[in-house]
Amino acid sequence: QVDLEESGGGLVQHGGSLRLSCRASGFAFSTHDMSWYRQAPGKVRELVANISSSGTTHYVDSVKGRFTISRDNAKNTVYLQMNSLNSEDTAVYYCNALYQTYYDGRPRIWDYWGLGTQVTVSS
């Protein structure tokens with residue numbers, strides 16, 4: 001029943017902007033750290049941006065100043081505003097939810113993934 005559904009991807013011109021959305025359901029969204037990852041063909045999936053349950057943000061150096069991650073707990077949605085896009089940003093972008101705790105005396109990690117949305121930036 002857990003679901004992460006990304007939207008907002010598409011084709012955009014170099015220098016343009018897109019806003020990705022990820023709507024979550026089936027779990028306590030507000031307690032989870034939310035992240036955006038991306039994966040280009042032939043490359044490893046990399047963390048792009050993260051926002052913790054308390055609102056602390058982190059960005060990979062290559063997107064600092066261009067991307068902004070935010071969350072709306074009332075809507076169970078995390079966003080990624082992407083500005084000044086370039087060809088290196090072309091990838092499938094994935095939404096991730098992470099919650100870490102202990103269960104039955106042992107560490108446990110809840111790690112949920114969306115199916116991804118394609119972002120293509122023209123060269």
Side-chain angles (χ1 to χ4, degrees):
Q1 192 171 355
V2 170
D3 186 61
L4 295 174
E5 184 175 359
E6 301 99 335
S7 62
L11 177 65
V12 64
Q13 186 179 347
H14 182 276
S17 299
L18 285 174
R19 190 180 77 156
L20 305 182
S21 299
C22 173
R23 184 178 180 181
S25 61
F27 64 96
F29 177 83
S30 63
T31 69
H32 285 65
D33 295 342
M34 301 299 300
S35 299
W36 287 97
Y37 288 76
R38 67 185 180 188
Q39 187 169 23
K43 294 186 177 181
V44 68
R45 186 174 299 186
E46 68 169 346
L47 175 66
V48 177
N50 169 267
I51 183 167
S52 72
S53 60
S54 63
T56 302
T57 59
H58 169 81
Y59 302 91
V60 68
D61 285 345
S62 61
V63 309
K64 287 182 179 178
R66 301 189 297 120
F67 290 11
T68 302
I69 188 171
S70 61
R71 65 191 297 158
D72 187 340
N73 289 340
K75 296 182 178 180
N76 286 357
T77 302
V78 63
Y79 305 94
L80 186 67
Q81 178 66 47
M82 305 184 294
N83 300 325
S84 301
L85 287 163
N86 58 63
S87 296
E88 299 301 314
D89 298 315
T90 295
V92 177
Y93 284 71
Y94 298 91
C95 180
N96 170 261
L98 180 67
Y99 179 71
Q100 302 177 83
T101 187
Y102 288 87
Y103 185 78
D104 196 25
R106 297 179 179 178
R108 182 174 177 180
I109 299 175
W110 282 259
D111 191 13
Y112 307 130
W113 292 89
L115 296 179
T117 184
Q118 177 71 49
V119 172
T120 302
V121 184
S122 63
S123 60

Between Val119 and Met82, does a side chain to side chain contact (heavy atoms under 4.5 Å, CB included) hold up when you go through it step by step? CA-CA 10 Å; Val119 172; Met82 305 184 294; 3.9 Å; yes
Over-ring placement of Arg66 relative to Tyr59, 6.0 Å and 45° cut-offs: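 Checked: cation-pi criterion not met.
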Measure the acute angle between the ring planes of Tyr99 and His32, then classify it against the limits of 30° and 60° as parallel, tilted or perpendicular.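 Tyr99 and His32: tilted rings.
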Donor-acceptor check, side chain of [X] to backbone of [Y], threshold 3.5 angstrom: yes or no?
X: Glu6; Y: Thr117; value: no
X: Asn96; Y: Tyr112; value: yes
X: Arg71; Y: Ser52; value: yes
X: Thr90; Y: Val121; value: yes

Test Trp110 against Phe27 for side chain to side chain contact (heavy atoms under 4.5 Å, CB included), laying out the working first. CA-CA 10 Å; Trp110 282 259; Phe27 64 96; over 6 Å; no
Under 3.5 Å side-chain donor-acceptor pair for Thr120 and Gln118: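 A donor-acceptor contact under 3.5 Å links the two side chains.
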For side chain to side chain contact (heavy atoms under 4.5 Å, CB included), just list the numbers for Trp36 and Cys22, CA-CA rounded to whole Å, side-chain angles, deciding distance to a tenth of an Å, and then say yes or no. CA-CA 9 Å; Trp36 287 97; Cys22 173; 3.7 Å; yes
Same cluster or not: are [X] and [Y] linked, directly or through other Ile, Leu, Val, Met, Phe, Trp or Tyr residues, by side-chain heavy atoms under 4.5 angstrom apart?
X: Leu85; Y: Ile69; answer: yes
X: Val63; Y: Ile51; answer: yes
X: Val92; Y: Trp113; answer: yes

Closest non-hydrogen atom pair between [X] and [Y], with its separation:
X: Leu80; Y: Ala49; value: CD1-CB, 4.0 Å
X: Ser123; Y: Ser87; value: CA-OG, 3.3 Å
X: Ser35; Y: Asn50; value: OG-ND2, 2.7 Å
X: Val48; Y: Phe67; value: CG1-CD2, 3.6 Å
X: Asn76; Y: Phe29; value: OD1-CB, 3.5 Å

Taking atom CZ of Arg45 as the centre, report whether more than 12 heavy atoms of other residues, nucleotides or ligands fall under 6.0 Å from it.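 Yes.
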List, one per line, each side-chain donor-acceptor pair under 3.5 Å for residues 11-21, sequence neighbours excluded.
from: Ser17; atom 1: OG; to: Asn83; atom 2: OD1; distance (Å): 2.9

To the nearest 0.5 Å, what is the distance between CD (Gln100) and CD1 (Ile109)?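 It is 4.5 Å, given to the nearest 0.5 Å.
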Quick one: CD on Gln1 to OG on Ser25, what's the gap to the nearest 0.5 Å?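 Gln1 atom CD to Ser25 atom OG measures 7.0 Å (nearest 0.5 Å).
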Would you check if Val60 and Leu47 make a side-chain contact, meaning some heavy-atom pair closer than 4.5 Å?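 The answer is no, as the side chains (C-beta and beyond) never meet within the 4.5 Å cut-off.
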Are Leu4 and Met34 close enough that some pair of their side-chain heavy atoms sits under 4.5 Å apart?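 Yes - at least one pair of side-chain heavy atoms lies under 4.5 Å apart.
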